[in-house]
Amino acid sequence: MQEKITKLPEEEAKLILKLPNSYYEKGIEKGIAEGIEKIVTEMLKKGLTAKYISELTNISEEKVKEIQSKKEA
């Protein structure tokens, strides 16, 4: 595969080589988002308010409420 990439024009080769990194970065972002959602869900289960969770986590109150409504659906 690397052999074929080296035969491509330089700009195309650079784009192709960036693809695995972009998928890796998207995976990391997704994992972080899922972790935050789990934490917020547990905080809500403990009876913390959306406003208080927002203050503790620096997540917008709207996002906390969005997570809450997803879990209630």
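Values below: all heavy atoms of this structure, side chains included; hydrogens, waters and symmetry mates excluded.
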Measure across Ser60 and Ser54 and return the closest heavy-atom pair with its distance rounded to 0.1 Å. C-OG, 3.7 Å
Looking at Lys26 and Glu29, is there a salt bridge between them, counting it only when a charged N and a carboxylate O are closer than 4.0 Å? no
Result for side chain to side chain contact (heavy atoms under 4.5 Å, CB included) between Val40 and one of Ile59, Leu56, Leu48 points to Ile59
Can you tell me how far apart [atom1] ([X]) and [atom2] ([Y]) are? Round to the nearest 0.5 Å.
{"X": "Thr41", "Y": "Glu34", "atom1": "OG1", "atom2": "CD", "value": "11.5 Å"}
{"X": "Ile53", "Y": "Lys63", "atom1": "CD1", "atom2": "NZ", "value": "13.5 Å"}
{"X": "Ile28", "Y": "Lys30", "atom1": "CD1", "atom2": "NZ", "value": "12.5 Å"}
{"X": "Thr57", "Y": "Ile39", "atom1": "OG1", "atom2": "CD1", "value": "9.0 Å"}
{"X": "Leu44", "Y": "Ile67", "atom1": "CG", "atom2": "CD1", "value": "8.0 Å"}

Step by step, would you call Glu61 with Lys65 a salt bridge (charged side-chain N to carboxylate O under 4.0 Å, His left out)? CA-CA 6 Å; Glu61 197 171 336; Lys65 289 178 181 179; 3.6 Å; yes
